[in-house]
Amino acid sequence: MDEHESSELTEDEKRLFADLMPEDLTEILDTGVNRRHFLKLMAMAGGGILAAQSAVAEQLMTRPFNESGPENPTSDSLENRVDVSFNVNGIARKLTVDSRMTLLDTIRERLDLTGSKKGCDHGQCGACTVIVNGHRMLSCLTLAASCEGKTVQTIEGLAQGSSLHPMQEAFLKHDGFQCGFCTPGQICSAVAMLDEVKKGHLSYVTQNVRQPAGPAKLSDEEIRERMSGNICRCGAYPNIVAAIHEVHSGKPVEQIFRSV
């Protein structure tokens with residue numbers, strides 16, 4: 001529904017919104033039904049709330065909705081506009097964003113790269129991890145404006161055409177995921193972590209911090225410590241460790257299958 005279609009709402013549809021979404025009624029009448037309103041209706045339908053008004057609700061859900069809402073602001077509607085030019089997965093991108101917009105929201109909402117997930121949105125779960133200039137970053141805590149001139153790699157940019165990245169193949173082989181929500185962040189973090197290991201970066205469990213900088217030897221304990229910022233609620237940690245071991249060593253690692 002575009003901005004000129006709001007007047008075409010029937011009286012029954014207006015009453016439905018007035019009853020169920022009174023806080024959004026003015027916006028709906030002014031600009032039409034957008035994605036946020038549609039998702040609210042879908043949630044209510046799933047909860048059985050629309051049973052009494054099913055006919056009206058079905059009519060509403062078959063309408064096209066207004067894509068230009070608060071979730072997709074135009075450049076002119078932004079109060080704190082800033083131009084950002086950066087390279088994302090090998091492609092030069094230039095965007096006008098709100099200066100307060102995070103890198104996560106930018107790549108998901110503006111670039112439609114939805115592999116990176118918004119989990120906690122507080123930098124605690126690691127689901128949003130991407131690689132910026134070769135370093136793993138929590139994109140939910142990184143402002144898009146701070147990435148000016150930088151190179152950003154997301155989970156979508158790891159594969160080369162139809163060929164998966166070795167870390168992606170190892171996660172598949174070792175079943176390093178269950179629900180898959182944390183997997184993009186886990187894989188991006190693991191790829192960048194192995195680069196840190198090659199450069200001799202130390203970790204909290206490194207036994208000899210006085211040794212000359214050089215490629216570190218990865219034990220299970222080292223991998224778990226270095227990946228501790230990425231949380232898997234499904235508990236696939238042994239499989240994740242095995243996948244990282246295989247990529248790090250370049251040698252096949254026995255698959256782990258455990259039943260509870």
Side-chain angles (χ1 to χ4, degrees), residues 88-89 103-104 107-108 113-142 152-208 214-260:
V88 182
N89 296 333
L103 177 60
L104 177 60
I107 59 179
R108 283 183 58 84
L113 297 172
T114 56
S116 303
K117 297 298 187 284
K118 181 178 285 192
C120 65
D121 207 22
H122 286 78
Q124 297 178 350
C125 73
C128 68
T129 304
V130 297
I131 303 172
V132 179
N133 281 4
H135 302 282
R136 45 183 170 168
M137 301 280 286
L138 297 169
S139 58
C140 76
L141 297 184
T142 304
V152 178
Q153 190 173 34
T154 70
I155 188 67
E156 291 89 348
L158 289 181
Q160 299 296 321
S162 59
S163 300
L164 294 178
H165 187 280
M167 190 64 73
Q168 293 173 308
E169 291 182 338
F171 264 67
L172 287 171
K173 173 185 174 181
H174 291 280
D175 201 18
F177 54 89
Q178 290 183 40
C179 78
F181 192 84
C182 75
T183 306
Q186 296 275 5
I187 292 177
C188 285
S189 185
V191 169
M193 183 270 285
L194 290 187
D195 285 338
E196 296 169 5
V197 169
K198 290 178 182 178
K199 296 174 182 176
H201 291 192
L202 305 178
S203 80
Y204 182 76
V205 298
T206 301
Q207 293 184 355
N208 185 3
K217 183 178 180 180
L218 282 184
S219 62
D220 284 3
E221 187 182 20
E222 279 279 7
I223 292 176
R224 290 178 181 277
E225 167 60 25
R226 292 172 186 265
M227 291 291 294
S228 60
N230 291 82
I231 307 301
C232 173
R233 292 192 176 188
C234 299
Y237 297 116
N239 310 64
I240 292 172
V241 171
I244 295 173
H245 262 309
E246 181 159 310
V247 177
H248 175 60
S249 66
K251 301 177 181 178
V253 173
E254 183 180 357
Q255 292 173 279
I256 301 172
F257 297 101
R258 296 179 179 176
S259 58
V260 179

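We number each residue from 1, following the sequence as shown. Note that the structure is a prediction, hence the values are computed from the model and not measured.
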**Request:** Kindly determine whether S139 and T129 satisfy side-chain contact (heavy atoms from CB on, under 4.5 Å), including the steps that lead there.
**Result:** CA-CA 6 Å; S139 58; T129 304; over 6 Å; no
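- Contact detail for K117 and F181: the closest heavy-atom pair is CG-O, 3.3 Å.
- The SG atom of C140 sits 12.0 Å away from atom CZ of R108, with the distance rounded to the nearest 0.5 Å.
- Here E169 does not pair with K173 in a salt bridge; the nearest charged N to carboxylate O distance is not below 4.0 Å.
- Looking at every heavy atom in both residues, I240 comes nearest to C232 through CD1-CB, 4.5 Å.
- Closest approach of C234 to C179, counting heavy atoms only: SG-N, 3.5 Å.
- The side-chain heavy atoms of V152 and N133, taken from C-beta on, include no pair separated by under 4.5 Å.
- Counting only N and O atoms by type, the side chains of H135 and D195 include no donor and acceptor under 3.5 Å apart.
- Going from atom OG of S116 over to atom CG of L103 covers 8.0 Å, rounded to the nearest 0.5 Å.
- Proximity of T206 to R226: side-chain heavy atoms (C-beta onward) are separated by under 4.5 Å at one or more points.
- The CG atom of D121 lies 8.0 Å from the CG atom of L141; values are rounded to the nearest 0.5 Å.
- Looking at heavy atoms from C-beta onward, L172 lies in side-chain contact with F177 at the 4.5 angstrom threshold.
- Side-chain contact between V132 and T142 is absent, with no heavy-atom pair separated by less than 4.5 Å.
- Put simply, the side chain of H122 gets close to the backbone of C120: a donor and an acceptor are under 3.5 Å apart.
- The two residues N239 and G176 make their nearest non-hydrogen contact at CB-CA, 3.8 Å.
- To the nearest 0.5 Å, atoms CG (L113) and OG1 (T154) are separated by 5.0 Å.
- The nearest pair of heavy atoms linking N89 to E156 is ND2-CB, 4.0 Å.
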**side-chain contact (heavy atoms from CB on, under 4.5 Å) between M137 and I131, intermediate numbers included** = CA-CA 6 Å; M137 301 280 286; I131 303 172; over 6 Å; no
**Request:** Carefully, step by step, assess C125 and N230 under the rule side-chain contact (heavy atoms from CB on, under 4.5 Å).
**Result:** CA-CA 5 Å; C125 73; N230 291 82; over 6 Å; no
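- Side-chain atoms of Q168 come within 3.5 Å of backbone atoms of H165 as a donor-acceptor pair (strictly under, hydrogens ignored).
- No side-chain N or O of S219 forms a donor-acceptor pair with one of E221 less than 3.5 Å apart.
- Heavy atoms only, all atoms of each residue included: A159 and L164 are closest at CB-CA, 4.1 Å.
- The pair E246-K251 fails the salt-bridge criterion, with no side-chain N (NZ, NE, NH1 or NH2) lying under 4.0 Å from an Asp/Glu carboxylate O.
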**Request:** List the steps, then state whether side-chain contact (heavy atoms from CB on, under 4.5 Å) holds for R224 with Y237.
**Result:** CA-CA 8 Å; R224 290 178 181 277; Y237 297 116; 3.7 Å; yes
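- With a 4.5 Å cut-off on side-chain heavy atoms, S203 and E222 count as touching.
- In this model, a donor atom of one side chain and an acceptor atom of the other lie less than 3.5 Å apart for S189 and R136.
- M167 places none of its side-chain heavy atoms less than 4.5 Å from the side chain of L158.
- Residues L104 and L138 have side chains not in contact (no heavy-atom distance under 4.5 Å, counting atoms from C-beta outward).
- The closest side-chain heavy-atom distance from I244 to M193 is below 4.5 Å.
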